[in-house]
Number of protein chains: 2
Amino acid sequence: MRGKTTSANAVPAMRGSLHRSVAQDIGARILNGEFAPGTLLPNEAEWCASFGVSRTAVREAIKMLMAKGLILSRPKIGSRVQPRTSWNLLDRDVLSWYCAAANPTHFLVHMQQVREILEPETAALAAVNRTDGQMAEIENAFNAMAEAKTLSAWNAADVVFHQAILLAAGNELLVPLGLVIESALGSMFNYTASQRGDIGRTLPGHARILAAIRGRKPNAARLAVRQLLRDTGRVVDQVTSSRPKRPRAAKA
Amino acid sequence: MRGKTTSANAVPAMRGSLHRSVAQDIGARILNGEFAPGTLLPNEAEWCASFGVSRTAVREAIKMLMAKGLILSRPKIGSRVQPRTSWNLLDRDVLSWYCAAANPTHFLVHMQQVREILEPETAALAAVNRTDGQMAEIENAFNAMAEAKTLSAWNAADVVFHQAILLAAGNELLVPLGLVIESALGSMFNYTASQRGDIGRTLPGHARILAAIRGRKPNAARLAVRQLLRDTGRVVDQVTSSRPKRPRAAKA
DNA sequence: ATTGCGGCTTTTATCATACAAAATAATCTG
DNA sequence: CAGATTATTTTGTATGATAAAAGCCGCAAT
């Protein structure tokens, strides 16, 4: 009855932490709908048995999920899945679990909507608030894009470009928001280039954004970003319409 | 050497969890700048001593802070404060710590900026995507505002009104974002009324939003929200300029 | 029969202790 | 001096015991 290694414990080692992989597993299954909001989770002893780990590990995992707003645990009651409204969906982990579980089409559409709302205004703010140092950062990233020969170099520079604008906007709240969106999108596909042929295609669009921010023209920056999003939006459209993508082990 | 109750441990009981109050304390001190990014925190034993609690409690607190992206702990190294870019600032707790620690003027300005970016577009999306049921929710909230006699009734209905629009926008990512902003703002002052005399003042503005969403006119909705924000923005301006507000039990 | 009180039981919360593993620092050997 | 080896420190995991919360049951009193 020892090395039971029940079901879900397919995770081999996961570099370091055990509690982390336990949290990972439970969290994914909650986002997955296997444990719906309001559901009472198995108690600690049952988790210990099913994962074959100690209570310590399970409890630390539960504390992490608690910190992310997924569950609430109380003595004698157990751990109950919280209503969706208290989930920290904008947490990197939670978002990645959601992203793996949810309908990818829906998810991408929503993500794109948020980008279309945020990015133009972020650029407009950057045009107003940027410092010279931040401007230099943006220009460096742009130059790196211009000189990029490989797809990965292009995309890396692209990410830096976006982040530099984000920082230049000078809004503490916008930064984490942008980073989360980026990291979620980045794990699915790249910003403005998905094939070798795309390299440089959107460079003029980026140049317009750069110029607007340099010239401190918020409205021009806003329009330039909208234009760029229209161009690259097609990439998303392609993905969402064909929607083959990794179907991600459709278990149950 | 027992009831040492060192320094920070001013927290008496805090209904339930010990690990929670430990996390609270450490988290606040990180956001506070007492432990800057890159800093190595005291090790578990030292925390145990300084809080007078067991290692279990400290570890669970640390796991929570880890889950929120504030720190990273590794064997032999200890717990290091992560760079700000990995902080989940959009987590309720983290935001509240930040809000307590940061320059309130800055914070409010940034918050208001985010509102000005998000809310008009949220309303526009709601105008497009709303279902009839969601429309009814919005109208109910509006009616409650219209009939509100007390300040608290008005503000409660106001929050419901905003949330109903948020839900009607039909974007899974926008919802948690809006909720976080709301909860942070709500903890500082109320939405559109801060004095008895303000009750009903913005009712016509709300009515315009309502009508636009009912009529499925996204652009009208956008404009109506912008108008309302301009009206209520003044409240923020007042607060940020005078900036007395309850100084929040300046304990230690 | 209903209600209020007290004890029972389950489950998490906390504590204490021991050992394992990781990563650095120190040391030894060639 | 270089490289490998051993120490050491700190977190990670396991285990077992006790405390506290909160529902549950039953008993009793009116």
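Every heavy atom of this structure was used, including side-chain atoms; hydrogens, water molecules and symmetry mates were not.
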### Message
Consider side-chain contact (heavy atoms from CB on, under 4.5 Å). Of I26(A), L41(A), D93(A), V94(A), which one does L65(A) pass it with?
### Response
I26(A)

### Query
Out of dT15(D), dA13(C), dG12(D), which has the shortest distance to the side chain of H19(A)?
dG12(D)

### Query
Nearest-Å distance, CZ (R80(B)) to P (dT10(D))?
13 Å

### Message
Between the opening five pairs and the closing five pairs of the helix from dA1(C)-dT30(D) to dG30(C)-dC1(D), how far apart are the helix axes, to 10°?
### Response
10°

### Task
Measure from CD on E46(A) to C1' on dT10(C) and round the result to the nearest Å.
12 Å

### Side-chain donor/acceptor of S17(B) to base of dA13(C), under 3.5 Å
no

### Query
R74(A) has a side chain; which of dT9(D), dA22(D), dA13(C) sits nearest to it?
dA22(D)

### Query
How would you list, by chain and number, every residue that makes a salt bridge (charged side-chain N to carboxylate O under 4.0 Å, His left out) with K63(A), sequence neighbours excluded?
none

## Note on the structure
Separation of dT17(C) atom P from E44(B) atom CD, nearest Å, is 16 Å

### Task
Show the numbers, then the answer: is there a side-chain hydrogen bond (donor to acceptor under 3.5 Å, both in side chains) between T131(A) and Q134(A)?
CA-CA 5 Å; T131(A) 66; Q134(A) 289 164 336; 3.3 Å; yes

### Task
Sequence neighbours left out, what pairs pass salt bridge (Lys or Arg N to Asp or Glu O under 4.0 Å) with at least one residue falling in residues 141-157 of chain A?
none

### Query
Roughly, in whole Å, what's the span from NZ in K76(B) to P in dA23(C)?
11 Å

### Task
Taking ring pair (Phe, Tyr, Trp, His ring centres under 6.0 Å) as the test, write out the residues that go with F142(B), two or more places apart.
none

### Task
Among dT24(C), dT11(D), dT11(C), find the nucleotide with the atom closest to the side chain of P75(A).
dT11(C)

### Query
Can you find a pair of side-chain heavy atoms, one from E119(B) and one from H162(B), that are under 4.5 Å apart?
yes

### Among dA14(D), dC15(C), dT11(D), the nucleotide that comes nearest once only the side chain of S54(B) is considered
dC15(C)

### Between NZ on residue K68(A) and CE on residue M64(B), distance to nearest 0.5 Å
12.5 Å

### Query
Nearest 0.5 Å, what's the CG-CG distance between L90(A) and L174(B)?
9.5 Å

### Query
Out of dC15(C), dT12(C), dG12(D), which nucleotide sits closest to the side chain of V53(B)?
dC15(C)

### Task
Figure out the CD1/C1' separation between I71(A) and dT11(C), and round it to whole Å.
14 Å

### Task
Let me know the distance between CG of N43(A) and C1' of dA13(C), rounded to the nearest Å.
14 Å

### Message
Nearest whole Å is fine: how far is dT11(D) P from W47(B) CH2?
### Response
11 Å

### Message
Could you tell me how far apart L72(A) (CG) and dT11(C) (C1') are, to the nearest whole angstrom?
### Response
14 Å

### Query
By side-chain contact (heavy atoms from CB on, under 4.5 Å), which residues pair with R84(B), not counting sequence neighbours?
E172(A), P37(B), W87(B), Y98(B)

### Message
So, OP1 or OP2 of dA13(C): does either fall under 4.0 Å of a side-chain N or O from K63(A)?
### Response
yes

Set out, line by line, the N/O atom pairs under 3.5 Å between protein and nucleotides 17-19 of chain D.
from	atom 1	to	atom 2	distance (Å)
dA17(D)	N6	R55(A)	NH1	3.4

### Query
In Å, rounded to the nearest 0.5 Å, how long is the span from CD of E34(A) to CZ of R29(A)?
4.0 Å

### Summary
Ranking dA23(C), dT14(C), dA14(D) by distance to the side chain of T56(A), first place goes to dA14(D)

